[in-house]
Structure formats: structure tokens, C-alpha cells
Amino acid sequence: MTNIVLNVVVIALVAAVTGWTLRRHRAGPLLWTAAVMVVLTLVFDTIMIAVGLYAYAPDKILGIYLAGAPLEDFAYPLAAVLLLPAVWTWVGDGRRRRHAGGQS
């Protein structure tokens, strides 16, 4: 399995699981966070690859690079931008329900 196939599957699953929850959030902060995460990934993955901290098997990636980072590297920060606010919301909702239930 190539990295891009794995990335598409993971992003699709994360989007399916978090989609309903993320509708409650404003899009602006999520888009800004995604932009910042992409830039950070671009900078730091390029540096890490350039100094030889890790390398990719050429047969597992598409071969499309942004600066020095393969395109596939950008799926993980995008998944985090979807997943982390959703988990934060779920945890907060659960705490509110438990707190409200305990005071009745």
C-alpha cells in the first residue's frame, strides 16, 4: 500500500467521524490552523529530510514534493486539525453532561 492510499483512507475516516461535530465550529479558525500546520510541516519536514533524519521509499510515495517534503506528509497535520477540535468538543460535552447530571 502506498502512503497516499493510506492517507486518503485515514483522512476519509477522520472526516466521517468528526464531520458532524465540526459543523458546530466556525470554519475560519480551523482553516487558519490548517494553514499554520501545513506551513510548519513544510518547514520542519523539509529540514528533517535535508539533514537525513528520515527518508521515504520512492516506491511508496507519489514523488511530488513541496519544498523538500513529500505531498503525503501533509495529510497528518490536516487529520489533526479535524480530529483534535472534535475530541476537545466531545470531552467537553461529556464533562458538561456529567456535571449537570451530578447537580440534579
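Every heavy atom of this structure was used, including side-chain atoms; hydrogens, water molecules and symmetry mates were not. As the structure is a prediction and not an experimental result, all values here were calculated from the model.
One distance of note links CD1 of I11 with CZ of F74; it measures 13.0 Å at 0.5 Å rounding. With values rounded to the nearest 0.5 angstrom, D73 atom CG is found 4.5 Å from Y54 atom OH. Here OG1 of T41 is found 8.0 Å from CE of M48. Values are rounded to the nearest 0.5 Å. For the atom pair CH2 of W90 and OG1 of T18, the computed distance is 6.0 Å after rounding to the nearest 0.5 Å. From L71, atom CG reaches atom CD1 of I4 across 5.0 Å, with rounding to the nearest 0.5 Å. Atom CH2 of W32 and atom CE of M37 lie 15.5 Å apart (nearest 0.5 Å).
Between T89 and H25 there is a side-chain heavy-atom pair separated by less than 4.5 Å.
Looking at every heavy atom in both residues, E72 comes nearest to K60 through OE2-O, 4.4 Å. Heavy atoms only, all atoms of each residue included: T46 and A67 are closest at OG1-CB, 3.6 Å. The minimum heavy-atom distance between A69 and D45, with the atom names listed, is CB-CB, 3.8 Å. Heavy atoms only, all atoms of each residue included: P85 and L30 are closest at CG-CD2, 3.7 Å. Smallest separation of non-hydrogen atoms from A86 and L22: N-CD2, 4.0 Å. Of all heavy-atom pairs spanning I49 and P70, the tightest one is CD1-CD, 3.6 Å.
The cluster map of Ile, Leu, Val, Met, Phe, Trp and Tyr, joined by side-chain heavy atoms under 4.5 Å apart, puts F44 and V36 in the same cluster. Using a 4.5 Å cut-off between side-chain heavy atoms of Ile, Leu, Val, Met, Phe, Trp and Tyr, with links allowed through other members, W88 and W20 fall into different hydrophobic clusters. One hydrophobic cluster, built from ILVMFWY side chains closer than 4.5 Å, holds both L78 and V87. Tracing side-chain contacts under 4.5 Å through hydrophobic residues (I, L, V, M, F, W, Y), one reaches L6 starting from V14; they form part of the same cluster. Tracing side-chain contacts under 4.5 Å through hydrophobic residues (I, L, V, M, F, W, Y), one never reaches Y76 starting from L40; they form parts of separate clusters.
At a cut-off of 3.5 Å, with distance as the only test, no side-chain donor of Y56 or N3 sits close to an acceptor on the other residue.
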